[in-house]
Amino acid sequence: MKIEEIIINKTAEAIQTLYNTPIDSSSVQITKTKKEFEGNLTMVVFPFLKISKKSPDLTAQDIGQYLVQNIPKIDKYNVIKGFLNISVSNSYWISFLNNALTEKEYGTKPVNANTPPVLVEFSSPNTNKPLHLGHIRNNLLGWSVSEILKANGKNVVRVNLVNDRGIHICKSMLAWQKWGNNCTPESESKKGDKLVGEFYVLFDKENKKEIEQLKQSGFNDEEAQKKTSLLQEAQTMLKKWEEGDKDVLSLWERMNSWVYKGFDETYKKMGISFDRIYHESQTYKSGKNIVQKGIENNVITKKEDGSAWIDLTADGLDEKLLLRADGTSVYITQDIGTAVQRFSEYSPEKQIYVVGNEQNYHFQVLALVLSKLGYQWAKDIFHLSYGMVELPEGKMKSREGTVVDADDLMDEMTQSAREISKELGKLDDLSTEEAEKIIQTIAMGALKYFILKVDPKKNMLFDPKESIDFNGNTGPFIQYTYTRIQSVLRKAAETGIQLNENIRENISEIEKEKEIIQLLYEFPDVVMEAGKAYSPALIANYTYELAKTYNQLYHDFPILKEENSDIRNLRIGLSLLSGNVIKKAMELLGINVPEKM
RNA sequence: GGUUCCGUAGCUCAGUUGGAUAGAGCAACAGCCUUCUAAGCUGUGGGUCAUGGGUUCGAGCCCCGUCGGAAUCACCA
């Protein structure tokens, strides 16, 4: 049993014995003791004052005394302004450390492959342009949350729903046909997604020109937007695509294949992969049938013009269109279809959608529509909504060219890592190959940590200058701490010091050590909390705290050179576990750790 | 206009179901390498937690108002 539980139970017992009143154990509040006070765990006794009919200090004294007398693992307590600070014995902490060191995967639960899976959808790019900074946050979150859920024993399936059809890709296709001169990624020596993206931008540019012309010949803005020959051509192309026109389909396949190749490269560099990839072109029709059934069951109404609507006003939302007048499906129709398809395919415990908070309304509607259509699992749909990434200049706008490209960003990070490493001379005695690998690891660590340390729900500012900082609360700082630990452990092995020796449990005067052990002790709870909250940020902040504290120990105390062998073993033991926990925690963030840097 | 979210140090962010004197990093300044990697450690300054009320023994956190910002309310995705 964890010490907190013991304290809670014994406190309930104490209050029963001392004041003859039963209490619910949930009213006992235990928190970590603040650094400036002596002790490890703190109990707030205010809730018990009505029962004890004594001052906060006296009540705390009563309980503190009882606990010390009745729990051997507690050796003292102190009371400050109604806060009961409890000191847990050194032997408790060291015995915990000894145990944790024997656990193979300390802090995580094994995945049970026989349980219903949890689907995590993320990335879900459009195939008309390359990935940018916004996608990076999405991908990193999706990946990390998947890892965190796995660490909580969930049977996770990573899903990517590629939006490979629609007017946007037709725009790129059309522009390529008109002005592409049959160019290919090979002929231009460009990544396929970049090339296709350029044609998307080109379409927009030419289309704008046409809009201007139309406006000059007397049309208002709205009319001009709809009337351009380019847009009409694109729409014709989309229609042909839906009809299965051979030429359109073959161009579509060709250009999409360029994009996929480009995406694969980006994903690979990012260290991201999926268990299952859906393509919208294959799922978009299934939603229509479901809507049709909804019309038959009078959940959905068909208007005179043929469009289908669902009335959500009773739930505080608006009316929502589900099929256009011409019978084609809209975005949500497709989402209804894929949700149903995925449910029938996996019978998941939960479907998690990692999608930006700009779509909060959409997912509110989606869950509501599904439940109105009678799908009980609609309640198991969870929109993991994350905030926008903004730049110092403001919002990213693809048309104004203020988008931060994913590949460029990763390359810049790598370049900075290379320069800084060189400047510090850190990798001088390694081969170029080894050095490059470490540089990559550091660069990606910096980027990933920078983004994941922020609470997913919040909007965040991405300052490129700050993101390449490798000091302070950053990924490389944590990676560096890990390499320091590994260096110590290597040296220990070299000098023939046993690593896995059982540590003697009654050692005194080990304040800093205890602080680290207590942090290590908290790791499983942090993993659990992060899973509940879908928040990699909790893992990130915890890991930083651990690394920082370890660095203090490393700086202030000798480890291998400690003469007292009991203390030396203790420091080595907690170095070992700190290293393991840091590595595991970083893994949960999708970040690798180098052995040297 | 309706709905939702946000506002904490100059900047970027933490702050557990309401608990002690609100914490980190960056930036600034001052120190620490003959000792296991200085991508490190230590110290100094920096706050009306947007604002006004309320609930409570106790509020950055809960409730109401005000101000400021964002998203969304498409026969776009």
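A note on names: the letters A, B, ... follow the listed sequences, proteins ahead of strands, and every chain is numbered from 1.
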Starting at [atom1] of [X] and ending at [atom2] of [N], how long is that distance when rounded to a whole Å?
| X | N | atom1 | atom2 | value |
| --- | --- | --- | --- | --- |
| A:Glu4 | B:U16 | CD | P | 18 Å |
| A:Glu545 | B:C13 | CD | C1' | 14 Å |
| A:Leu489 | B:C36 | CG | P | 16 Å |

Checking base pairs now: Watson-Crick or wobble, both atom distances under 3.5 Å. What partners B:C67? B:G7
Among B:C36, B:A24, B:C75, which nucleotide sits nearest the side chain of A:Tyr544?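 When the side chain of A:Tyr544 is considered, B:A24 is the closest of B:C36, B:A24, B:C75.
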Do any side-chain nitrogens or oxygens of A:Gln359 fall under 4.0 Å of OP1 or OP2 in B:A71?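 Looking at the OP1 and OP2 atoms of B:A71, neither is under 4.0 Å from any side-chain N or O of A:Gln359.
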Residue-phosphate contact under 4.0 Å: A:Lys491 side-chain N/O, B:U37 OP1/OP2: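 Checking B:U37 against A:Lys491, a side-chain N or O does come within under 4.0 Å of OP1 or OP2.
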Expressed as a whole number of Å, how far does the [atom1] atom of [N] sit from that of [M]?
| N | M | atom1 | value |
| --- | --- | --- | --- |
| B:A30 | B:C11 | P | 24 Å |
| B:A9 | B:G23 | P | 14 Å |
| B:G19 | B:G58 | P | 14 Å |

Donor-acceptor pair (no angle test) under 3.5 Å: A:Asn85 side chain, B:A20 base: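 Looking at the base of B:A20, it does pair with a donor or acceptor on the side chain of A:Asn85 (distance under 3.5 Å).
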Conformer about C1'-N of B:C33 - syn within 90° of 0, anti elsewhere: syn
Any carboxylate oxygen within less than 4.0 angstrom of a Lys/Arg side-chain nitrogen, looking at A:Lys32 and A:Glu522?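 So A:Lys32 pairs with A:Glu522 through a salt bridge.
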A:Thr474 near the nucleic acid: base, sugar-phosphate alone, or nothing, with a heavy-atom cut-off under 4.0 Å?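 Nothing: the residue A:Thr474, judged by heavy atoms under 4.0 Å, touches no strand.
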